[in-house]
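Structure record follows, encoded as structure tokens.
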Amino acid sequence: MMTGRSSISKILTKRLLVSSNLKSFADDSRGVAAIVFVILAIPLILVIALGLEYAQSKTYQEKLQTIADNASLAAIRGNPNISPQQRQDAAIASIKGGFATLDKNNPVTVTKLAIVPVNLDIEVTVGIQSPYKMSFGSLVNMDKMTIKVSSTRKTNRAMEEQIRHDCHIGSLETLKKYDCSSQY
């Protein structure tokens with residue numbers, strides 16, 4: 001019977017040792033800052049990564065917007081008597097020229113290219129969209145997003161004729177109001 005009591009006392013002694021070790025571990029505050037830092041670093045790194053991703057997607061959106069703006073401007077420039085097909089060709093050439101500034105992994109689709117004559121004026125609308133592959137988006141189950149941009153420009157032939165007329169007359173007030181030296 002002595003062996004049974006000694007094994008019970010050994011077990012109780014081990015439990016007391018483990019209990020006192022856990023208590024001293026819980027009371028010890030050394031290293032707490034490192035543990036808290038590790039716990040807080042994970043969400044902080046995630047927020048920084050998603051912030052960078054957002055900034056990159058906005059830069060890509062700005063590039064697409066520039067391409068759409070340049071295409072709409074290319075379509076309205078020039079002689080007012082050129083055909084809508086020539087205007088469309090100028091817009092498409094401008095869009096193709098802008099593709100060199102984009103990431104090749106993100107295909108671009110022209111969603112709208114409308115050239116509408118309105119009296120003597122011309123209204124051009126260019127719409128572009130592209131899927132944007134996100135680097136860190138997979139962390140939050142969002143690895144792709146579609147970026148859509150559009151640009152609409154309209155000529156104002158009546159105003160252009162007025163400027164040509166005013167610049168031809170060449171009064172001092174007109175020269176201050178318009179830059180007559182460059183175009184007219």
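Not measured: the values here are computed from a predicted model.
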Could you pull out all residues at least two apart from [X] that satisfy side chain to side chain contact (heavy atoms under 4.5 Å, CB included)?
| X | answer |
| --- | --- |
| Glu62 | none |
| Ala91 | Ala71, Ala75, Leu113 |
| Lys154 | Val118, Asp121, Glu123 |
| Val36 | Val32, Leu40 |

Are Leu102 and Ile67 close enough, and set up right, to give a side chain to side chain contact (heavy atoms under 4.5 Å, CB included), and what steps lead you there? CA-CA 10 Å; Leu102 298 177; Ile67 291 171; 3.7 Å; yes

Ring pair (Phe, Tyr, Trp, His ring centres under 6.0 Å): which pairs involve [range], sequence neighbours left out?
| range | result |
| --- | --- |
| residues 65-85 | none |
| residues 105-127 | none |
| residues 63-101 | none |
| residues 50-89 | Tyr60-Tyr132 |

With a 4.5 Å heavy-atom cut-off, do Pro107 and Pro131 have their side chains touching? yes

Heavy-atom side-chain proximity of Ile122 to Ile115 below 4.5 angstrom: yes

Could you tell me the separation between the CG atom of Leu73 and the CD1 atom of Ile76, rounded to the nearest 0.5 Å? 5.5 Å

Is it true that Leu46 and Val38 fall in one hydrophobic cluster, defined by side-chain heavy atoms closer than 4.5 Å? no

Short side-chain to backbone donor-acceptor contact, Ser94 and Ala90, under 3.5 Å: no

Apart from Ile45 itself, residues in the same hydrophobic cluster as defined by side-chain heavy atoms under 4.5 Å: none

Residues in side chain to side chain donor-acceptor pair (under 3.5 Å) contact with Gln56, at least two apart in sequence or another chain: none

Partner residues of Arg87 under the salt bridge (charged side-chain N to carboxylate O under 4.0 Å, His left out) criterion, sequence neighbours left out: none

Please list, one pair per line, the donor and acceptor atoms closer than 3.5 Å that link side chains of residues 144-153 to other protein atoms, with sequence neighbours excluded.
unit_1 : atom_1 : unit_2 : atom_2 : d
Ser151 : OG     : Asp69  : OD1    : 2.8
Ser151 : OG     : Ser72  : OG     : 2.9
Thr152 : OG1    : Thr125 : OG1    : 3.3

Under the side chain to side chain contact (heavy atoms under 4.5 Å, CB included) criterion, do Ile128 and Val108 qualify, and how do the steps go? CA-CA 7 Å; Ile128 298 176; Val108 178; 3.2 Å; yes

